[in-house]
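Structure, as structure tokens:
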Amino acid sequence: MSVSRRSFLRGATAAAATFLGQPQIRASETRRFVNALKIPALLEGAPGAGGKLYELSIAAGKSEFLPGIPTPTLGINGAYLGPTIRCRAGDRVTFRVRNDLTEQTTLHWHGLHVPASADGGPHQIVEPGAVWEPSFEIKQRASLCWYHSHLMGRTGEQVLRGLAGLFLIEDEESLSLRLPSEYGVDDIPLILQDRRFNADGSFDYLSAMPDAMMGYKGNVILVNGTADPHVVLRRQRTRLRVLNGSNSRIYTLGRDDEEDLFVIGSDGGLLEQPARLRRVRLGPGERVEMLVDMQTNQTVKLMSYPDRVTAGGMGPGMMMGGMAGNTETFPIIELRAARLETTDLSLPGRLIRVPSWTPAQATRTRTFTLDMPMMGMGMGMGGMMGRRTMEGLMGINGRSMNKSRIDVQVPLGSIEIWEIRNATPLTHPFHIHDIQFRVLDRDGDPPRPNERGLKDTVLVDPDSAVRVIAEFGDFADPQHPYMYHCHILEHEDAGMMGQFVVV
Ligand SMILES: [Cu+2]
């Protein structure tokens, strides 16, 4: 262990001793799941000469999460969050993104393989009153992707206020598998977010000391913008498409009756085969598709359990886990079975074939070490904890994000291994734009069953190294960079981000 890391941990323990506690999730006994789950509207696009046109208007509004108390929010075609964009592989799509806010914003297509100039990252700023119109072909398989604000330094705040939505890609192959796919009926989207509220109903953001350092945590769980939600199911088998759309919270999903979840998909599409799992760990930005089987009149709660890594033991690790707020057990949503329609409960043994690049095919390995560049320069943990903004304090390979610096050049068409190392005491979800990768291994061990499909975001635990492999095809552009970054939005905003171009 390096000296700076030792002193970091000592500092962390001292800071934790004076720490009054992360806001606790409201206890389950006070929750009665009184609100019907909101299902985001589907936006299929208007057919035209140039493909499908999707109109997206970003505006401020008010939403009622707590009974009788309006919360100022941002939304896309609505007061909070956005519609679920749906398209088919091979479609030509155009988005007419109109910014009706009084501030800048961007919309990034998370998980999509698109030209860097259409990616919606920090360089594609949409000024107030302006319209941004990216157009591209959907060149990937069926998957649950999403879109969200990616404004440099303010992503955490804008996503928290509501600038996010789902992006559903279908293809012939996935539809031929006869998986549940009736949107909102037996194919239910679940956007998981946690929020805190001020007495006047407004969102409470970055007021608590550990928010910037540990990542923002709320004490109210929202699902699709619904507090205390339930959903009534009508078929024996339901597909849940879950996005962790939280700024920093890691969920460990499971059923309260301890029945298995049937995981069928990850970030970038279906798995090769279904995986029966009791628990599924889902970091910010990650997605999981799973099947839940129910019986008539049965009620099941989808839970989150303590994170096995950050809540795993004694010592600084546990201290940090407690501060990171991933230690609680709480219900997310109640699944209520009505009189259920009988459905086919057989499962195909094989779903799809996932690309399997081998290390031998890789032309090179790059190492990305997640770190805190200022840590060795005299700023201790206490000093960092007390800051409301962490701008420039988080980094990768010793450097904080700089929009005018290209960190990596990847030759077009190459297959590369990216090894992500974590030199901090916190778990980070690492996200790469442009591509979908396979996880090769985590500290030499094979990835978990739910991580064996295509992915664009992967959790990297403290003192851990994860190797991913991907092919960087299409869209050479030396001018416009793609991002790679931590998807704890407060860490991203603090500079744990870098830029690569494909040339
Ligand atoms: Cu992070």
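Read the numbers this way: they start at 1 and go in the same order the structure lists the ligands and their atoms. Throughout, residue positions are numbered sequentially from 1 according to the sequence presented. Below, all heavy atoms of this structure are taken into account, side chains as well, without hydrogens, waters or symmetry copies.
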Exercise for the section: Scan side-chain atoms only and decide if Asp456 and Gln436 contain a donor-acceptor pair under the 3.5 Å cut-off. Expected result: yes

Handout entry: With His485, the ring-ring contact (aromatic ring centres under 6.0 Å, His included) member among His150, His491, His108
Key = His150

Practice task
Assess Cys486: does it contribute an N, O or S atom lying under 2.8 Å from the Cu ion (ligand 1)?
Solution key: yes

Handout entry: Arg241 side-chain N/O to Pro189 backbone N/O, donor-acceptor pair under 3.5 Å
Key = no

Exercise for the section: Could you check which N/O/S atom of His491 is closest to the Cu ion (ligand 1)? Expected result: ND1

Problem - side chain to side chain contact (heavy atoms under 4.5 Å, CB included) partner of Leu163, chosen from Thr73, Leu81, Leu101 - result: Leu101

Fill in the blank from the handout: Checking distances from the Cu ion (ligand 1), one finds that the N, O or S atom of His428 closest to it is ND1

